[in-house]
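Here's the structure we're looking at; comments come further down.
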There are 2 protein chains.
Amino acid sequence: MPAQTSQNVLRADARQNRERILTAAREAYALHGIDVPMATIARRAGVGVATLYRRFPTRAALVSESFAEQLAHCVAALYEGLEDPDPWRGFCSVIEQVCLMQATERGFTQAFLAQFPEHTEYAEERTRAEQALARLVGRAKASGQLRQDFDVNDIILVVLANCGATTGAGEEAAAASRRLVAYLLQSFRAGPAAGPGPLPSPVQLDLDRIHGR
Amino acid sequence: MPAQTSQNVLRADARQNRERILTAAREAYALHGIDVPMATIARRAGVGVATLYRRFPTRAALVSESFAEQLAHCVAALYEGLEDPDPWRGFCSVIEQVCLMQATERGFTQAFLAQFPEHTEYAEERTRAEQALARLVGRAKASGQLRQDFDVNDIILVVLANCGATTGAGEEAAAASRRLVAYLLQSFRAGPAAGPGPLPSPVQLDLDRIHGR
DNA sequence: GGCTAAATGGAGAGTGCCATCCGTTTACCC
DNA sequence: GGGTAAACGGATGGCACTCTCCATTTAGCC
C-alpha cells in the first residue's frame, strides 16, 4: 500500500464530496453501465465536473475506486476458499462468488480487468492472488476432485464466458450466470463418478435488450 | 425475400462501389472491431461518406450485409445438423460451428444478434430457425444423449458465453472458444456414462489486450 | 472575525463522430 | 455525341463527450 498522505490532509468538504462522487458513480454504473459520461456522474453527485476530475484524474481511477469494495470481497473469497477443508468446495465457492459478483454488479468486470494490469502498485497483490489461485487449483487437483487437465487459465476463461453470459439486466443476468457456472463446474469435476447434478432453472434471455444495451 | 427491384437497376459503378464498401467494411471490422467509424470504412473503400450512407442507411444495415455470408453459413449448419443421423453429433456440430464463427469473425456476434430482431422481414426466417433449433434439441434429448433438463435457451447462453470468451484476438480467441465449447458440451451430455473426454489445449488469455480492446 | 490556501463549479475550447445537403461528375440509352 | 437521371463526394451543421482554466467561494486556523 503506497503512502496516501494526501488522503488524510483532504479538507472536510472535499472528503465528503469524494464520497458523494463515489456513491453517484456506483449508482450510475449500475443504471447505465460503465460508459456513462463523467458529467452525468458529477451532476448526480451534485458537484461540478472539475471537482470530479480533480479527485479522479482518469475514468479508470474512478471505476477502480468505485468497485474497490467488491474487488476486496472477491480477493477475500479467494483466500477463504483456499482455507476450506474441502478443496473442491473451496474451488467452487471462489468461482461462484466471483461470477455472481460479475452478474450482480454491472460494470464490475471491467473494473476487475482494469484494476490489476494498470499500476505497478498493484503488481505485488496481483502476483499474490495469482499464486493463491494456482494453489487453489493445485489443491483441488491433488484431492482428485478436479480433473487433471484443468488449467489455471481456464479460470480466466470462466470469468470471460460469464461476463458474456451476464450481458443483460439484473436478475436475469444472475440466473444466467448461475446456470452457466453450474454447467461448467460439472465439467471441471473429475471422474465419471459425479453424474449430472441438479441445475438452477433455465433463463429466457432477451437478445433485443442485450443488443440495445 | 422482398422485391428488390432497385438492386438490379443499380448502375454499374454504383454496384461496384457497393461491393467495395462491403469489402472495406469486413476488413475494417476484422481489424478494429464493429465500432469503427463510418468515415473510416468509406475512406478505405475509396468512396465518399455520402455514398456509403446512400447504400446503407444505418450502421446496422451495413453490419448485417457484411456478415450475411457468415450468417447463411450458420443457418446452413443448423439445417445440416438437423439432418445428421446421429442427433447428438448434429447438436454438437451446430454449436461448434456457430461458436467457431463467433471466434473467427470479429464482430460477427453483434451482426448475429442485430440481424434477427430488426425487421419484420426476417421474422419468418427467424421463427423457422427457432423451430429448427427446438427440433435439434428435442431430437437429441429423445435419443437419450442430451440431458433432459437442457433448455433451448441454454443455446443462447452458450452463444453469449462464447462471445465473452472470444473477446480477444485471432487464434487465441478460437482456442478459447474450442476449449469452452468442449467443456460445455461435456456437461450437456446425458448420463454418467460419458466420462470426461479429451480437451483442446488450454489458452493463456491476455487480459491487458482484452481490456484495451 | 479575518486571513489564506484549499476547494469549487461553470464556461468553453477541443475532438470525433454522425448524417445530410448540394454542386459536380458519370454511366447509360438513343 | 448528346441528353438525362443516377451517382458521387466533400463540405458542413449538429451533437456528445472530455478535460482545463479561472474567477469565486469556503473551511480551518489564528
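Per chain, numbering begins at 1; letters A, B, ... match sequence-line order.
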Measure from [atom1] on [X] to [atom2] on [N] and round the result to the nearest Å.
X     : N      : atom1 : atom2 : answer
A:R18 : C:dT8  : CZ    : P     : 12 Å
A:L10 : C:dA5  : CG    : P     : 18 Å
B:N17 : C:dA27 : CG    : P     : 10 Å

So A:R55, base contact, sugar-phosphate only, or nothing? Heavy-atom distance under 4.0 Å.
sugar-phosphate
Expected list for residues 38-57 of chain A: side-chain donor-acceptor pairs under 3.5 angstrom, two or more places apart:
{"from": "A:R44", "atom 1": "NE", "to": "A:E27", "atom 2": "OE1", "distance (Å)": "2.8"}

Considering residues at least two apart in sequence or located in another chain, which fulfil the salt bridge (Lys or Arg N to Asp or Glu O under 4.0 Å) criterion with A:D84?
A:R89
Quick one: salt bridge (Lys or Arg N to Asp or Glu O under 4.0 Å) partners of B:D13, sequence neighbours excluded?
B:R11
Pairs in or reaching into residues 177-187 of chain B: which pass salt bridge (charged side-chain N to carboxylate O under 4.0 Å, His left out), with residues at least two apart or in two chains?
A:D154-B:R179, B:E171-B:R178
Verdict with reasoning, B:S187 to A:Q186, per side-chain hydrogen bond (donor to acceptor under 3.5 Å, both in side chains)
CA-CA 6 Å; B:S187 290; A:Q186 190 195 306; 4.6 Å; no
For A:S177, enumerate each residue passing the side chain to side chain donor-acceptor pair (under 3.5 Å) test, keeping only those at least two apart in sequence or located in another chain.
A:N162
Among residues at least two apart in sequence or on other chains, which ones pass ring-ring contact (aromatic ring centres under 6.0 Å, His included) with B:Y183?
A:F188
Opening and closing nucleotides of DNA chain D in contact with chain A, under 4.0 Å to non-hydrogen atoms:
D:dC17 to D:dG28
Under 4.0 Å protein heavy-atom contacts per nucleotide of nucleotides 14-25 of chain C, with B for base, S for backbone only and - for none
---SSBBB----
Which residue pairs pass the side chain to side chain donor-acceptor pair (under 3.5 Å) test with at least one member in residues 66-81 of chain B, sequence neighbours excluded?
B:Q70-B:E105, B:H73-B:Q97
Is any side-chain N or O of A:T51 closer than 4.0 Å to OP1 or OP2 of C:dA7?
no
